[in-house]
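Whatever order the structure lists ligands and atoms in, that order sets their numbers, starting from 1. Because the structure is predicted, anything quoted here is derived from the model rather than measured.
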Amino acid sequence: MNSPDKRPLLGVNIDHAATLRQARYREMENSCGGFVEPDPVHIALRAEQAGADGITVHLREDRRHIQDRDVERLRECIATRMNLEMACTAEMLKIALALKPNSVCLVPENRQEVTTEGGLDLESKRNEIREIVAALGEAGIEVSLFIDPHPKQIDLATELRAPVVELHTGAYAHQFGKPRQREEWERLVSAAQRANRAEIIVNAGHGINYVNIAEVSRLPHLNELNIGHSILSRALYFGIEEAVREMKERMRAGASRL
Ligand code: PXP
């Protein structure tokens, strides 16, 4: 666990820099250099300079954005923590064990989705997840499970001996400013409290933006937030450094009102 004064930490998800590159250069042999742009690694380094505490990437099975070469280059270049999001498959486990990111976040993957839509169903995937958590743990890689904020999922994460959970904030973000915002917020709060009682580290992510960050930063026991879309979108207007600095400031302001 990181020192409490710095929390919540910010993991910047740079997948969408690769989405933009792939939109034009999918067929190119090289993933960087020459006129191939933007380079997600370049974006990651600038995000770090501006105060990101870690860099998150999702190497999807269909390689629709981040490529294998990107994760290799990131592993070599970044100075903060590397968090690899991946599906629970043998192929991804092999890649993670060779790459040795600081942490792995296990996520569900569905080829039809635009971005990760729901949390993992720990019930139906119990056995494979148990094995992957154990294998990564033995290799010294911290494992996090991306789950919906429901008591059952927290209890299953406890049973599977996951050291970390990332609570899916998508439903809350979707209801933000609508009548069910409170209900979704309460769900997140009680999930965070339940995880903390089980001595599980609490991260959160999905759908977090410059508006809802004030409340999200006040989630109890919060260790880290993983944010992609809103930071990369703001970077188009003001540059990645400004986008990261602004988010960090809003996180600090939100958390200081605890
Ligand atoms: N956390 C996880 C596990 C995700 O899959 C994603 C989306 O890739 C994020 C965080 C970031 O979500 P967003 O792009 O909505 O900030």
Side-chain angles (χ1 to χ4, degrees), residues 8-20 22 40 43-44 47 52-66 70-71 74 81-88 92 96 101-122 125 129 132 142-149 153 157 162 164-176 184 188 191-192 195 201-213 215-217 219 222-236 240 243-244 246-248 250-251:
L9 303 171
L10 172 62
V12 176
N13 180 317
I14 57 164
D15 291 349
H16 292 316
T19 303
L20 189 56
Q22 298 306 104
I43 298 293
D53 301 292
I55 300 298
T56 294
V57 280
H58 185 172
L59 183 67
R60 294 188 72 108
E61 288 179 275
D62 62 9
R63 308 298 198 271
R64 71 172 68 159
H65 41 51
I66 293 291
D70 293 324
V71 294
L74 279 167
R81 301 180 77 251
M82 179 179 187
N83 177 37
L84 178 70
E85 290 178 7
M86 62 177 224
C88 306
M92 287 298 153
N102 300 83
S103 56
V104 159
C105 180
L106 296 177
V107 298
E109 227 175 83
N110 161 10
R111 284 181 189 232
Q112 312 306 323
E113 69 195 359
V114 176
T115 179
T116 318
E117 279 166 3
L120 280 170
D121 178 6
L122 299 184
K125 292 197 172 284
I129 293 176
I132 295 180
E142 183 180 77
V143 194
S144 151
L145 303 179
F146 185 52
I147 53 171
D148 290 328
Q153 297 297 333
V164 187
V165 289
E166 180 168 325
L167 298 177
H168 193 320
T169 46
Y172 162 79
H174 190 64
Q175 291 302 324
F176 192 84
E184 292 297 342
L188 283 166
I201 294 172
V202 177
N203 295 343
H206 213 282
I208 300 170
N209 58 41
Y210 291 85
V211 178
N212 62 29
I213 188 66
E215 186 166 58
V216 172
S217 305
L219 195 63
L222 184 59
N223 176 61
E224 180 180 279
L225 292 173
N226 281 301
I227 310 180
H229 185 97
S230 66
I231 291 181
L232 271 284
S233 301
R234 188 154 292 206
L236 291 176
I240 187 70
V244 170
E246 172 81 18
M247 187 59 87
K248 284 284 287 192
R250 289 183 187 226
M251 284 167 66

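- Interface atoms of ligand 1 facing I227, defined by a heavy-atom separation under 4.0 Å, are 16 (O).
- When the salt bridge (charged side-chain N to carboxylate O under 4.0 Å, His left out) test is applied to D15, no partner is found at least two apart in sequence or on another chain.
- Which parts of ligand 1 touch V107 is read off a 4.0 Å heavy-atom cut-off, strictly below it: atoms 3 (C).
- Where the criterion is an N or O separation shorter than 3.5 Å, residue side chain and backbone included, H58 fails it with respect to ligand 1.
- Annotation for ligand 1: atoms under 4.0 Å from non-hydrogen atoms of N226 are 10 (C), 11 (C).
- Among the atoms of H16, none of the N or O lies under 3.5 angstrom from an N or O of ligand 1.
- Ring geometry for H206 versus H168: interplanar angle of 30 to 60°, hence tilted.
- Atom 10 (C) of ligand 1 has its nearest heavy-atom neighbour, among H65, E166, H168, H229, in E166.
- Checking only distances, C105 never comes within under 3.5 Å of ligand 1, N or O to N or O.
- In this structure, the side chain of N102 engages the main chain of M82 through a donor-acceptor pair within 3.5 Å.
- Residues passing the side chain to side chain donor-acceptor pair (under 3.5 Å) test with E184, sequence neighbours excluded: R180, R187.
- A side-chain donor-acceptor contact under 3.5 Å links Y210 to the backbone of A243.
- Contact between G207 and ligand 1 is present, with at least one heavy atom of the residue lying under 4.0 Å from the ligand.
- Each of the atoms 11 (C), 13 (P), 14 (O), 16 (O) of ligand 1 lies under 4.0 Å from some heavy atom of G228.
- Contact atoms of ligand 1 toward N13: 8 (O) (distance under 4.0 Å to a heavy atom of the residue).
- Two residues are said to be in side-chain contact when any heavy atoms from C-beta on lie closer than 4.5 Å; L106 and V143 meet this criterion.
- Side-chain atoms of T56 and N83 form a donor-acceptor pair, as typed in the model, at a separation below 3.5 Å.
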